[in-house]
Amino acid sequence: MTTSYAIGNNWVTVADQAAGPQSAQLDTLVVTDKSADGTFALTDANTTWRHPAADTGGRTWTIPANSVVPFPVGTKLCGHVEQGAGAISLAITTDTLELAGSASTTGTRTVATGGIFIATKTAATIWMVGGPGVT
């Protein structure tokens, strides 16, 4: 047997268990507009930065070294560049930034207009980034 729950405008269906239905939760990310260069902080973990279309300038967003900001392994840093906004340079200081689907581990990545990135911390000093529009 299954039970459906309305959460906002969404429906979630879960299978009933012996002790009754399990709870279901839909998570949303907090979105912060960024029209300037910036460095991610612990408070940005598991949130998303948006480069708004009104800002046509290129910006650099930096993932700090683990020795400066020790994000827990598994942390996600997300962002997107609205259509018409300038590209984002996703930089990393001294740690390793791996490009998903590639053997490349060096340097700054570019997130093109209309692009989305997710950077995941996979080890103490290693991040993996990917998404449409990320090179």
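What you see is a predicted model; the values in this text were computed from it and never measured. Residue numbers count from 1 along this sequence. Heavy-atom basis, side chains included; hydrogens, waters and symmetry copies ignored.
Here the closest non-hydrogen pair linking I116 and H80 is CG1-CB, 3.7 Å. A pairwise comparison of heavy atoms in I88 and H51 identifies CD1-ND1, 3.4 Å as the closest pair. T56 approaches G84 most closely through the heavy-atom pair CG2-O, 3.5 Å. Residues I92 and T96 approach most closely at CD1-O, 3.7 Å, considering heavy atoms. In this structure, V81 and G86 approach most closely via the heavy-atom pair CG1-O, 3.3 Å. Considering all non-hydrogen atoms of both residues, L42 and V69 come closest at CG-CG1, 3.7 Å.
Taken together through direct or relayed side-chain contacts under 4.5 Å among Ile, Leu, Val, Met, Phe, Trp and Tyr, M128 and F71 form parts of separate hydrophobic clusters. By the criterion of side-chain heavy atoms lying less than 4.5 angstrom apart, applied directly or through intervening Ile, Leu, Val, Met, Phe, Trp or Tyr residues, I126 is not grouped with L77; the two fall into different hydrophobic clusters.
Between the T75 side chain and the A45 main chain, no donor and acceptor come within less than 3.5 Å of each other. W61 places a side-chain N or O within 3.5 Å of a backbone atom of A36 that can act as its donor or acceptor partner. Within the 3.5 Å criterion, the main-chain N or O of K76 finds a donor-acceptor partner in the side chain of N46. Within the 3.5 Å criterion, the main-chain N or O of E82 finds a donor-acceptor partner in the side chain of T113.
With F117 as the partner, the side-chain contact (heavy atoms from CB on, under 4.5 Å) test is satisfied by one option alone out of V111, T48, T110: V111.
In this structure, CG on D44 lies 6.5 Å from OG1 on T32, to the nearest 0.5 angstrom. A distance of 8.0 Å separates OG1 in T108 from CG in L97, rounded to the nearest 0.5 Å.
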V129 and L90: CA distance, side-chain angles, deciding distance, side chain to side chain contact (heavy atoms under 4.5 Å, CB included) verdict:
CA-CA 9 Å; V129 66; L90 184 62; 3.7 Å; yes
Can you check side chain to side chain contact (heavy atoms under 4.5 Å, CB included) on D95 and I63, steps first, answer last?
CA-CA 9 Å; D95 295 344; I63 299 172; 5.9 Å; no
Kindly indicate, with the supporting measurements, whether the criterion side chain to side chain contact (heavy atoms under 4.5 Å, CB included) is fulfilled by K121 and N66.
CA-CA 10 Å; K121 188 168 187 181; N66 184 67; 2.5 Å; yes
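Aromatic ring orientation, F40 versus W49: parallel (interplanar angle below 30°, classes split at 30° and 60°).
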